Amino acid sequence: MAASTAPPSGMRDFLPEDVRRREYVIGIIKRVYERYGFEPLETPALENLETLLGKYGEEGDKLIFKILKRGVHEITGEADLALRYDLTVPLARVVAEYQPPKLPRLFKRYQIQPVWRADRPARGRFREFYQCDVDSLGSTSPIVEAELCAAVADAMRALGFPDFILRLNHRGLLAEVLTICGVPADRHAEVLVILDKLDKVGLQRVSDEWVSKGGVTAAALEGLRRAFEPLPPNVDSWAKLEQIGDIFKKIGPEPSSIETLRQIRRLTERTAAFDHLTFDSSVARGLGYYTGAIMEVNVADLAGSLGGGGRYDNLVGIFLGQQIPACGFSLGLERILVVMTERGMFPPSLATSPADVMVATFDAAGAGPAMRLAGVMREAGLRVMVYPDPDRIGKQIKYADGRGIPFVAILGEDEINAGTVTVKNLAAKTQQTCRQDGAAAAILEGLSTRG
RNA sequence: GCGGAUGUAGCUCAGGGGUAGAGCGCCUGACUGUGGCUCAGGAAGUCGCGGGUUCGAAGCCCGUCAUCCGCCCCA
């Protein structure tokens, strides 16, 4: 059998049209993050395996792509390197590795790079995919959370999403709720993983799984169902937070996590995030390293989230020995692209033509003048390609038309002798012969009136 | 990891034991300095791969791989 030319399963080639769409989205996100004072960072595709192991929970470890050691270990299967699984753990490593003045005491960075997971591919899920991360390190202030929410909301709006929701919750609050419901601490992780599916499968199935897989007792289940039942449509989610607070106050002090969530909300009041921010007791997040506020961004027409994040105050400490508080958010580029493509959210100006004008010639004698004319038009700001072969002129025009190139500049013997060029407008089916130094202006004029 | 479907020309797909097909695309010409329309012609497939049944397999049987859709998990 001929070797398959398809890329590896779950990975993709990005053809020119794909790249333009991706760069459009990435450009918008970068510009928004820069406006908030985040700085760019890039890290290697590979990390030492030890750096990654144990940071993502039990499931996470299995999904890490491992790289075999060279030499005899290719037979034993021993691995020492791995493809990065996310951008957060490499960030924590970087922050542990470089201290001031190489990195500031308060470090705000964004990072848009691919990550790899040995997952089963599905719609909107790949084995190689881009994340757009933004994180703040060095402060425990809820201003950090509020600013991240604002930046993410700003980015979403700049991309053209009017309808997303930012769901906010707190790992500390979840732990307290589970505890007063009588779920033992060593069961928390399992119960939370099941809870995370609530908006997809509903309370009944979550309850069933809590009992069958989470080992939740009948007594505990009663409390859990009350704490996590979905809100009726027009109930204010923040009233639910107060409700939970009231329950705690009956039996003791209110957990500090509740006040933290209130503060985050208040701090977003004058930001792009406020109208989108809801409290949702069922947001749990799969990753193991979160310690405080957690959040997710969702739209109605995509099961699963467009992105998520939270506070992880202990992760840097694992590498450094000394705690550095941190909080971040990750937008999933692929999922954003899926939804934007389905909704037709890309501007027409992304239309895929490789050039504004193609220079067509008849024979080798035209090559020099064609190159010279192309150069002049490029200096005028046009995107210009020179058709390289002496094909029939009809074939050349057909090529330009097929590629969506709007103008063809024809340089034949007559034009070369007269110092002119025939500029053909393919869409309008018109053409005019003008002086070569006037061609660029004529084309720019034609482009601007095309809309 | 489990269930279901599909693999035939570059693309979309028909054909269900007896010479490998269509539409679109591509190439050539009618039209040797002008694209979309028309007409005439042309190239192109070890029918996913391996084995079996048969005088004969793209088709039937077994295996295998790949892709897609559900379940599960995540960005």
Side-chain angles (χ1 to χ4, degrees), chain A residues 1-10 12 29 56-64 84-88 112-133 152 190 193-194 196-197 200-201 205 209 213 284-288 295-299 302-310 328-339 358 360-363 365-366 387 390-417 420-433:
Chain A
M1 174 170 65
S4 168
T5 52
S9 167
R12 294 149 302 156
I29 293 173
Y56 305 108
E58 219 173 295
E59 274 301 303
D61 278 0
K62 288 186 214 155
L63 298 179
I64 295 172
R84 66 169 168 246
Y85 180 89
D86 71 357
L87 301 177
T88 306
I112 300 173
Q113 286 193 283
V115 303
W116 292 267
R117 295 186 189 176
D119 226 346
R120 183 107 188 272
R123 176 186 135 91
R125 192 175 82 196
F126 304 94
R127 283 152 64 125
E128 176 181 59
F129 61 98
Y130 276 64
Q131 292 192 319
C132 312
D133 273 37
V152 166
E190 227 164 337
V193 167
I194 296 166
D196 209 30
K197 301 180 221 168
K200 267 183 265 178
V201 304
R205 272 194 58 187
E209 280 196 40
K213 285 159 63 180
R285 308 284 307 147
L287 297 175
M295 47 254 191
E296 255 182 45
V297 60
N298 299 76
V299 292
L302 184 82
S305 64
L306 287 180
F329 199 100
S330 177
L331 282 175
L333 178 64
E334 320 304 336
R335 293 190 171 178
I336 288 172
L337 285 162
V338 163
V339 176
M358 187 187 88
T361 57
F362 292 90
D363 48 43
Y387 192 92
D391 285 332
R392 230 181 59 231
I393 198 74
K395 190 172 174 181
Q396 299 189 43
I397 290 171
K398 195 173 172 184
Y399 176 83
D401 190 45
R403 305 295 330 270
I405 299 170
F407 290 91
V408 175
I410 301 169
L411 266 186
E413 202 181 341
D414 300 346
E415 285 90 348
I416 292 168
N417 289 336
T420 60
V421 58
T422 297
V423 174
K424 185 176 175 65
N425 180 330
L426 295 192
K429 291 192 257 193
T430 59
Q431 68 181 47
Q432 54 172 319
T433 300

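Given the structure is predicted, the values throughout are model-derived calculations rather than measurements. Numbered from 1 within each chain, the chains take letters A, B, ... in sequence-line order.
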Compare the minimum distances between each of [options] and the side chain of [X], then state the nucleotide with the smallest one.
{"X": "A/Arg120", "options": "B/rC71, B/rA75, B/rG33", "answer": "B/rC71"}
{"X": "A/Arg205", "options": "B/rA75, B/rG33, B/rC72", "answer": "B/rC72"}
{"X": "A/Asp414", "options": "B/rC71, B/rG33, B/rA75", "answer": "B/rG33"}

Problem set entry | Nearest-Å distance for atom pair NZ/P, residues A/Lys62 and B/rC72 | 16 Å

Exercise. Between A/Glu413 (CD) and B/rU32 (P), how many Å, whole number?
Worked result: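 Atom-to-atom, A/Glu413 to B/rU32, this comes out as 17 Å.
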
If you look at every strand shown and take non-hydrogen atoms under 4.0 Å, does [X] touch a base, only sugar-phosphate, or nothing?
{"X": "A/Asp86", "value": "nothing"}
{"X": "A/Arg285", "value": "sugar-phosphate"}
{"X": "A/Ile336", "value": "nothing"}
{"X": "A/Phe126", "value": "base"}
{"X": "A/Glu296", "value": "nothing"}
{"X": "A/Ser305", "value": "sugar-phosphate"}

Exercise. Has the side chain of A/Gln431 got a donor or acceptor that lies under 3.5 Å from a partner of the other kind on the base of B/rU34?
Worked result: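 When only heavy-atom distances are counted, A/Gln431 does reach the base of B/rU34 through a donor-acceptor pair under 3.5 Å.
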
Exercise. Under the 3.5 Å rule, do the base of B/rC74 and the side chain of A/Arg127 count as making a donor-acceptor pair?
Worked result: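 It does not, because no donor-acceptor pair links the side chain of A/Arg127 to the base of B/rC74 below 3.5 Å.
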
Exercise. Side-chain contact, heavy-atom cut-off 4.5 Å: A/Arg84 with A/Gln131?
Worked result: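 Not touching, per the 4.5 Å side-chain cut-off.
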
Exercise. Given Watson-Crick or G-U pairs with both distances under 3.5 Å, what dot-bracket string fits RNA chain B, with | for other-strand pairs and [ ] for crossing?
Worked result: ((((((((.[[[[.)..(..]]]].(((((.......))))).....[[[[[..)....]]]]])))))))....

Exercise. So, is A/Thr422 near the phosphate of B/rG33, with a side-chain N or O under 4.0 Å from OP1 or OP2?
Worked result: no

Problem set entry | Anti or syn - B/rG16, cut at 90° from 0 |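 Here the answer is syn: the torsion falls within 90° of 0.
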
Exercise. Are A/Glu415 and A/Thr422 linked by a side-chain donor-acceptor pair shorter than 3.5 Å?
Worked result: yes

Exercise. Is there a donor in the side chain of A/Asp133 and an acceptor in the side chain of A/Ser330, or the other way round, less than 3.5 Å apart?
Worked result: yes

Problem set entry | Nearest non-hydrogen partners of A/Tyr399 and A/Met358, listed with the distance | CD2-SD, 3.9 Å

Which protein N or O atoms sit under 3.5 Å from an N or O of nucleotides 35-41 of chain B?
from   : atom 1 : to       : atom 2 : distance (Å)
B/rG35 : O6     : A/Leu426 : O      : 3.4
B/rG35 : N1     : A/Leu426 : O      : 2.5
B/rG35 : N2     : A/Asp401 : OD1    : 2.5
B/rG35 : N2     : A/Leu426 : O      : 3.3

